[in-house]
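Okay, structure first, notes after.
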Protein chains: 2
Amino acid sequence: MEEKKYCYKYPHPAVTTDCVIFGFDGINLKLLLVERGIDPYKGCWAFPGGFLNMDETAEEGARRELEEETGLKTAYVEQLQTFTAVDRDPRERVITIAFYALVKISEVKGGDDASQARWFSLDESPSLAFDHELILRVALARLKEKIHFEPIGFELLPEVFTMTELQNLYEAILGVKFDRRNFYRKMTALEILEQVEPEKQRTSKRDPIPYRFNAERYAELKKKHFILEF
Amino acid sequence: MEEKKYCYKYPHPAVTTDCVIFGFDGINLKLLLVERGIDPYKGCWAFPGGFLNMDETAEEGARRELEEETGLKTAYVEQLQTFTAVDRDPRERVITIAFYALVKISEVKGGDDASQARWFSLDESPSLAFDHELILRVALARLKEKIHFEPIGFELLPEVFTMTELQNLYEAILGVKFDRRNFYRKMTALEILEQVEPEKQRTSKRDPIPYRFNAERYAELKKKHFILEF
DNA sequence: TTATCTTTGCGTCAAATTAACGCAATTGAT
DNA sequence: ATCAATTGCGTTAATTTGACGCAAAGATAA
């Protein structure tokens, strides 16, 4: 029998972290899921996650899981919510501190052979293990709220992007359509975008202006109690 | 020596819940704190909290703590964030799932003699135990965000209130001043308030109109994708 | 008592913001 | 060659916002 050497006067739940990883392919919002190789929920897909180490914070744990699946050491990671339903894991009492991450899909290392990770579009997402469907709903709701007031959309886009790509992202996240011209005007008015010097050819009236998110400018504006709102 | 009979193959952190309890006295936002009777932080003030039972969810745990200190079985309670700094408790690894509650001060049972609980105004709040100052900052930030888009202010007011009281509450939470007439117009336009029949005397042009939050009306509006915004 | 504040409800108006849609230049496709 | 689609930039009317006026009536203080 296995040795159980960590003992407490009162029962302690097990604590895990799970990380909902969002990406964007230019059209659709994507989710990085891993296939479970063991029971419970063997064969089901789930968010990357695992037990919390005693010497790391929950965010460190979530980032560790993120790096294991994507190779990314840095990314936008934010705590989502802690899920504590008594029977959410059939084995024992397990609570999970859920996070969500926004990554640039192109920077994610291509799934090596051994990786069981795969990107799914939201509408083709398989049924998920544990209470991960609930976690996903909460994550999507949070993402929608958040993008109204924080420039987090850029975390999902390449460094350089076009206004149309940016609009596609907002539409994908918020599930609405915007008028192209009004979107352009509103986004420009925020003054957090800068045009990238058209390296080779001059803007030939058809190919779109390449933009870049100006983080310094946003930091300045934020200091001055400017409120981003979209 | 005490018996330690709950044993695991891997170490488990201890899990607590803490509940930031907000009230409103008509002028200032208030906090319900309890004085710690034992070390660590003996004599310091802290949010009501305690260890999570194995057969309850975190929210049930938070509500249990809330009822112990206020006698309230029902109140607005929402999960805030989970705090996991490795050394936040000097005794052992403890993570806490923090909640915040909004209560009507008048409904809170007067602190019986045994109670070590006391209401504090925000600006007179004592130094707090553990990482509770951090938790408080996060709770205040959340409250500010939340009240912009959800009708949670009414949870802090009596059933019947005046427009001036409502404005005082918004000003206390958001830390800004509003023009009385514009506040009135904007709030009225939301159509989530109903006038309470002036029971005895007709509105004698000086005493204010008593209002009540119309939850049914708000639910209807919400269904129709109406967006509350203040 | 009387003159002076304060509080409350409701109104006005100009400035700012938003939503809807026009237009021309250019390019890729049929 | 014609046509549809894309991109950048304007225009206009409706809506919303911010700042402030005003009168009635109770409270306050000389």
Side-chain angles (χ1 to χ4, degrees), chain A residues 25-27 147-149 157-158 160-172 174-214 221 224-230, chain B residues 25-27 147-149 157-158 160-172 174-214 221 224-230:
Chain A
D25 66 1
I27 308 280
I147 203 172
H148 274 292
F149 301 100
L157 290 171
V160 174
F161 49 86
T162 69
M163 194 60 81
T164 303
E165 288 174 318
L166 186 59
Q167 179 174 350
N168 286 343
L169 174 61
Y170 271 76
E171 291 180 342
L174 295 173
V176 294
K177 291 288 179 188
F178 296 104
D179 178 273
R180 185 176 52 80
R181 294 148 294 187
N182 290 338
F183 183 91
Y184 170 87
R185 175 160 41 83
K186 203 169 172 183
M187 193 55 79
T188 302
L190 295 179
E191 296 190 304
I192 56 176
L193 297 184
E194 62 177 356
Q195 294 189 209
V196 177
E197 287 310 308
E199 298 170 12
K200 297 182 179 179
Q201 55 184 350
R202 191 144 198 82
T203 85
S204 65
K205 192 61 186 254
R206 173 68 186 263
D207 36 45
I209 299 176
Y211 289 98
R212 172 185 292 138
F213 172 56
N214 189 332
L221 291 171
K224 297 175 186 168
H225 305 293
F226 152 87
I227 297 181
L228 169 66
E229 183 176 338
F230 204 92
Chain B
D25 66 1
I27 307 282
I147 202 172
H148 273 291
F149 301 100
L157 289 171
V160 174
F161 51 85
T162 69
M163 193 59 80
T164 303
E165 289 173 318
L166 186 60
Q167 180 174 352
N168 286 343
L169 173 61
Y170 271 75
E171 291 179 342
L174 296 173
V176 296
K177 290 287 180 187
F178 295 104
D179 179 272
R180 184 178 52 80
R181 294 147 294 187
N182 291 339
F183 183 91
Y184 170 88
R185 172 161 44 90
K186 204 168 171 182
M187 193 54 81
T188 302
L190 294 179
E191 297 191 304
I192 57 175
L193 297 183
E194 62 178 356
Q195 293 189 209
V196 176
E197 288 309 311
E199 297 170 12
K200 297 182 178 179
Q201 55 183 349
R202 191 143 198 81
T203 88
S204 66
K205 192 62 187 249
R206 174 66 187 261
D207 37 44
I209 298 175
Y211 289 97
R212 171 185 292 140
F213 171 56
N214 188 333
L221 291 172
K224 297 174 187 167
H225 305 291
F226 152 88
I227 297 180
L228 170 66
E229 183 177 338
F230 204 92

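Values below: every heavy atom of this structure, side chains too, minus hydrogens, waters and symmetry copies. Just so it is clear: chains get the letters A, B, ... in the order the sequence lines come, proteins before strands, and each one is counted from 1.
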Minimum-distance nucleotide (side-chain atoms of A:P208 versus D:dT17, D:dT7, C:dC21): D:dT7

What is the separation between atom CG on A:D179 and atom P on D:dG8, rounded to the nearest whole Å? 14 Å

Between CZ of A:F178 and P of C:dA19 the distance, given in whole Å, is 9 Å

Measure CZ/A:R180 against P/D:dA5 and give the value in whole Å, please. 13 Å

Report yes if some heavy atom in the side chain of A:T162 is under 4.5 Å from a heavy atom in the side chain of A:Q167; otherwise report no. no

Nearest-angstrom distance from the residue atom CD1 of B:I209 to C1' of D:dG26: 16 Å

Taking CZ from B:R185 and C1' from D:dT17, how many angstroms apart are they, rounded to a whole number? 7 Å

Could you check which of D:dA27, D:dC9, D:dC22 has an atom nearest any side-chain atom of A:Y184? D:dC9

Is there side-chain contact between A:L174 and A:H148, with heavy atoms separated by less than 4.5 Å? yes

Rounded to whole Å, how long is the line connecting atom CZ of A:R181 with atom P of D:dC9? 14 Å

Phosphate contact (D:dT6 OP1 or OP2) by A:T164 side-chain N/O below 4.0 Å: no

Describe, in one word, how the ring planes of B:F149 and A:F149 are oriented to each other, choosing from parallel (under 30°), tilted (30 to 60°) and perpendicular (over 60°). tilted

Would you kindly give the CZ-to-C1' distance between B:R206 and C:dT7, to the nearest whole Å? 4 Å

Using whole Å, report how far CZ of B:F183 lies from C1' of C:dG9. 15 Å

With the side chain of A:N182 defined as its heavy atoms from C-beta on, choose the nearest nucleotide among D:dT7, C:dA19, D:dG21. C:dA19

Determine whether the aromatic ring centres of A:F230 and A:F183 lie less than 6.0 Å apart. yes

